[in-house]
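Written out below as structure tokens is the structure these notes cover.
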There are 2 protein chains.
Amino acid sequence: MDTARKRNTAREESLEVILHHAEQIFAEFGFKGATMQAIADASGLPKANLHYYFPTKLALYREVIERIFTIWLEAANSFDTSANPREALTRYIRKKMEISRAHPCGSKVWANEVIQGAPIIQDYLQTTLNEWTDTRIRVINRWVAEGKIATVDSRHLLYMIWATTQHYADFQHQVVTLNGGKRLNDAQWDAATKNVTEIILKGIGA
Amino acid sequence: MDTARKRNTAREESLEVILHHAEQIFAEFGFKGATMQAIADASGLPKANLHYYFPTKLALYREVIERIFTIWLEAANSFDTSANPREALTRYIRKKMEISRAHPCGSKVWANEVIQGAPIIQDYLQTTLNEWTDTRIRVINRWVAEGKIATVDSRHLLYMIWATTQHYADFQHQVVTLNGGKRLNDAQWDAATKNVTEIILKGIGA
DNA sequence: AAAACCTTTGACCATTTGGTCAGGTTGAGG
DNA sequence: CCTCAACCTGACCAAATGGTCAAAGGTTTT
């Protein structure tokens, strides 16, 4: 690590630290409830320093949302349109469950945003998400037409997958409370994933 | 409407108006994001008047949450433990979908609360919800033991039902956006309910 | 009619909070 | 060394907001 690199690296590290903690604070308190001071404290930086990297709270929030969206797209690609239904859906559900476990805060921020009418991400919903959904719906409809799965409304099937997998992130606190206050362990996550996958696959006759 | 009744009625009407609008504002902006001024404006009352009926913002919020919990319990009872799986689950899912349609804001406030770690309703989760869940899990397990449904983890089945039905309330904005910006009509709600019910019932071999 | 009580409201206050800024520090290049 | 640009930070400010209060307006009871 020499000369010119040092500064850039330090900058990236600061950005990373801030974004990471901002995600957690935004998830826990919502956009308005999260304060720059709280994010600063969590990041171990003075508040003014945050404003050096991100001019406004909204700008910081946007970046957080965009990172989440990137992760979300990663899962989206695991829905392999060329595979058969069993394979494609199994992989997709597993990936979504993994994301719920690895990035619960991101999922929570996204949920919060949608609940509040998606003031920031409206364009994502209308463009990227809408297009992605349309292509998958077409794929699922083809499966139905080819008799590979039962007659189901593909849109509602997608909603069911999203809802169920994201539940383990967004309602993490409720799930943990009903688990005696203990976070799910490896085996429990496995069981959850398996159950969700099996019920859905069986439910659509795949 | 004479004498002593008038005051009580007026009082109840004021309370109703405030609670109704508070629910919407809390759903749209979260606890911190909602302002007493905004709730007052929506209710057509001066802010000071809200504080006459509810000493603090938190007290108002608690009442809103409690109303939601009451509605939630109403659905809970529709899970008739004496019926057979097909009947019990069909009725329960339908009821939950109806609530999602009739009280989306209530569901959103609840979701927001849970996402943020349930600072207010923690006791509900640990007591009422926990007990309710336990009894239903026992019922479902009996169904499994009696061979009435396939071998599934009853807890995850419940989570799936909650997640899927509440998705139509909490993610209403996303659902509407992906529906071309139009709210679901009667037929679409019917289709959603039917699809959810069928996939789940078939998925557990009921 | 008048006392007692409930309800309404505009004006006000203390605190919180997003954002600014001037001055300081650090490290790269000459 | 010295200069310059990038980076950091304590102190500060204006606006927003939860909550208070005293006075006024109604309604019920005696």
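Below, chains carry the letters A, B, ... as their sequence lines are ordered, and counting in each starts from 1.
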Picking from [options], which would you name as closest to the side chain of [X]?
X	options	value
A:Thr35	C:dT8, C:dT17, D:dC8	C:dT17
A:Ala48	C:dT20, D:dG18, C:dG19	C:dT20
B:Asn49	D:dT9, C:dT9, C:dG18	C:dT9

Find the distance [X]:[atom1] to [N]:[atom2] and express it as a whole number of Å.
X	N	atom1	atom2	answer
A:Asp41	C:dG18	CG	P	12 Å
A:Ile39	C:dG19	CD1	P	11 Å
B:Leu15	C:dT7	CG	C1'	12 Å
B:Met36	C:dT16	CE	C1'	17 Å
A:Tyr52	C:dT26	OH	C1'	12 Å
A:Glu13	D:dC8	CD	P	11 Å
B:Gln37	C:dA11	CD	P	13 Å
B:Lys57	C:dT15	NZ	P	18 Å

Considering only NZ, NE, NH1 and NH2 on the basic side and carboxylate oxygens on the acidic side, decide whether A:Glu66 and A:Arg62 come within less than 4.0 Å. no
B:Gln172-B:Lys108 side chain donor-acceptor pair, cut-off 3.5 Å: yes
Without hydrogens or angle criteria, can the side chains of A:Glu113 and A:Tyr61 be said to hold a donor-acceptor pair below 3.5 Å?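 Indeed, the side chains of A:Glu113 and A:Tyr61 share at least one donor-acceptor pair under 3.5 Å.
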NA contact type, [X], heavy-atom cut-off 4.0 Å: base, sugar-phosphate, or nothing?
X	value
A:Ala34	sugar-phosphate
B:Phe54	nothing
A:Ala40	nothing

With a 6.0 Å cut-off on the ring centroids, do A:Phe69 and A:Trp110 count as close? yes
side-chain contact (heavy atoms from CB on, under 4.5 Å) with A:Thr164: which of A:Asn195, A:Ile93, A:Val196?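 It is A:Val196; the other options fail the test.
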Within less than 4.0 Å of OP1 or OP2 of C:dT17, is there a side-chain N or O belonging to B:Lys32? yes
Any B:Arg11 side-chain nitrogen or oxygen under 4.0 Å from OP1 or OP2 of C:dC6: no
First of A:Lys47 and A:Leu50 reached from the 5' end of DNA chain D, by closest nucleotide: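 Result of the comparison: A:Leu50.
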Return whichever of B:Pro46 or A:Gly33 has its heavy-atom-nearest nucleotide of DNA chain C closer to the 5' end. B:Pro46
